[in-house]
Amino acid sequence: MKKNILYLIAATLCVMFLAGCDDFLDTQNLTKKDTSNFPINETDAIQMVNGIYTVMNLNLGDPEEDPFFVFDIASDDRLGGGSQSNIGAQGVDRLLNSYTDWMKPLWQYRYAGINRANSALETIDNVTTWSNANKKNQLLCEIYFLRAFYYFNLAQVFNGVPLVTTTEPLNLPRSTPDEVYAQIASDLKNAIELGPNQRYPDFGIGRASKWAAEGMMARVWLFYTGYYGKSELPLAEGGSISKSQVAAWLEDCIKNSGYGLVSDQRNLWPYTNPYTAKDYAYDTDNGLNWETDENIESMFAIKMSNSSGYSGGLSGTYRHNRIVEYYGLRKTTAAAFPFSVQGYSNGPVCEKLWTDWAADPDYKDDYRRVGSICDRLVEIPDYPGDKAKEVENTNLLAKKYIGCEAYNEDHSSRYLSYAYYYGSPNNRQTGLTQAIIWLRFADVLLMHSELTDGAVVYNGKSGLNAVRQRANLPDIAYSLQALKKERRYELCFEAIRWNDLRRWGDVQEIQNNQAGNKVLNEKYEGEFQWTVSFMDRYNATGGFFKIPEDQVTLSEGVLEQNPGWGDGTNFAKGDLPYFKK
């Protein structure tokens, strides 16, 4: 199988601005291309757009500052975990500041992507000859989608942020959330209208499409209207987007995109790959068969590369998935197979998700429960763990994003990642090449149900019941409560739950569901405890994180810090409450 990654090939033509980053971005690469001679042809334009994708991977070098990791850990269904040294994950879980200039890479690299998109929009008309009528519009669709995606990440992490739509160096204050979301909506609308009506995968493997823009528009609309208490989503050029318009776009996506549901939800996750599956009884007993990182359900994902090595900085590359590494078990042995790729034990699963799922009569015998969560004491009972270091260990492990090993051909030893069979290095870090899915078709179906109160849309069923049918569950009458439960179970550990809770006004669930979880802390039994009241922190911050201090300083007072991040909001090594006397 050939994996795909969109990485920087040529100049990506960015300039520095105080509100975005404190390093000069690459205005010139080793081939000496700059804005005076690039792009001049279609190949240049494709390379330029490829460079916009690249920055998504750069945050993976430090997962604690990647938006996917942040949103996933911040929900009620994971704890911070790790060891006493993993203060980034523990700080996210508690809405406390873990490092000086925490979240700086997130801020820096997302703005780098925005600046690359701005440069692309300013220069793409330099190309006057195209291979076909769709090519330029497809690239414009990608540019607008990626700029919207980066701004959406920033807005959900920081709230109002400087709104930069030009490469001109500017020292800008924060724009209002209304202004930022209006720009996001306009960019997505442009992506929808410009993107060709080509069905998956004709528009290109690994590339954003009008269909991804329609799905992401729904997510933006639901968060903005829910969190901010609005009825419509504004547009930067004036006017707004209504609920009915978003629902119509989703129907277009569902009926015309070529995307669909894979046969078994478990086949989305690499633990079902054939090289691991032949020695993993759960896979063989259930007839599971991985449909690879490129499948009919994955609509927008960060792709990895089989190439080893990485380089840092804004002109660097990052080709493997350290989020998977951070979620891996510590001090692994063969007894942990298949989850025996050594990691840092971040993100243990909350016991409340496990017990709620089992007790819910609407989810009796739902295969996704054990398909999504490993009960260590049942599945890998002989794995001893790392009792000298593990904290907040619930003995529950998420299966969706975690390293998986595979035995070699004669079964005499193990490869450090199944991906070795697909051309990756035999390495516990650079061999981790699982894609990170930001949007999949099941989410589109569920968002359609939420927007239409369960209207029929897919194979004679509502989106809610289509997703339930795939899990071998009977149809259920639509209600918002039913929709909330389905999203929690279907989409667990996919960086969606945190912002769902925020937009529904259900954040109290985090404090309710995490408090009292039975945990092991360096072999000592106890219960999860908050360092400070989570709801006090949420009410003070609105669920937004601290803007990196150096960005506030560089702006010389133009950029204001988020509320709730003054003195007494830091979380340091040794601050876990379990070891206090």
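In this chain, residues are counted from 1 in sequence order. FYI, side chains are in, hydrogens and waters are out, and symmetry mates aren't considered; it's all heavy atoms of this structure. Predicted, not measured: the structure shown is a model, and the values here were computed from it.
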Practice task
Compute both the distance and the angle, then confirm whether R78 meets the cation-pi test with Y327: under 6.0 Å from the six-membered ring centre, within 45 degrees of the axis.
Solution key: yes
Practice task
Validate the cation-pi geometry between K189 and Y144: distance from NZ or CZ to the six-membered ring centre under 6.0 Å, angle to the ring axis within 45°.
Solution key: no
Handout entry: Residues K485, D362: salt bridge by 4.0 Å N-O rule
Key = yes
Exercise for the section: Could you tell me whether D76 and R497 make a salt bridge, using a distance below 4.0 angstrom between a side-chain N and a carboxylate O? Expected result: yes
Exercise for the section: Anything under 30° is parallel, anything over 60° is perpendicular, the rest tilted; go ahead and classify Y326 against F69. Expected result: perpendicular
Exercise for the section: Assign the ring pair Y418 / Y422 to parallel, tilted or perpendicular, where the plane angle (0 to 90°) is split at 30° and 60°. Expected result: perpendicular
Problem - Sequence neighbours excluded, every pair satisfying side-chain hydrogen bond (donor to acceptor under 3.5 Å, both in side chains) that has a member inside residues 501-511 - result: E450-R503, E450-W504, K484-D506, N499-R502, D500-R503, Q508-N512
Practice task
Quick one: which residue pairs count as a side-chain hydrogen bond (donor to acceptor under 3.5 Å, both in side chains) with a foot in residues 531-541, not counting sequence neighbours?
Solution key: R94-T531
Practice task
Could you please spell out the steps behind the side-chain hydrogen bond (donor to acceptor under 3.5 Å, both in side chains) verdict for T292 and N295?
Solution key: CA-CA 6 Å; T292 78; N295 59 72; 5.5 Å; no
Practice task
For the residue pair W211 and V444, establish whether any side-chain heavy-atom pair is separated by less than 4.5 Å.
Solution key: no
Problem - Main-chain N/O of G81 paired to Q90 side chain as donor or acceptor, under 3.5 Å - result: yes
Exercise for the section: Kindly say whether W290 contributes a backbone atom to a donor-acceptor pair with the side chain of T272 at under 3.5 angstrom? Expected result: yes
Exercise for the section: Decide if the gap between the ring center of Y181 and the ring center of Y227 is smaller than 6.0 angstrom. Expected result: no
Exercise for the section: Please find out if less than 6.0 Å separates the ring center of Y111 from that of Y150. Expected result: no
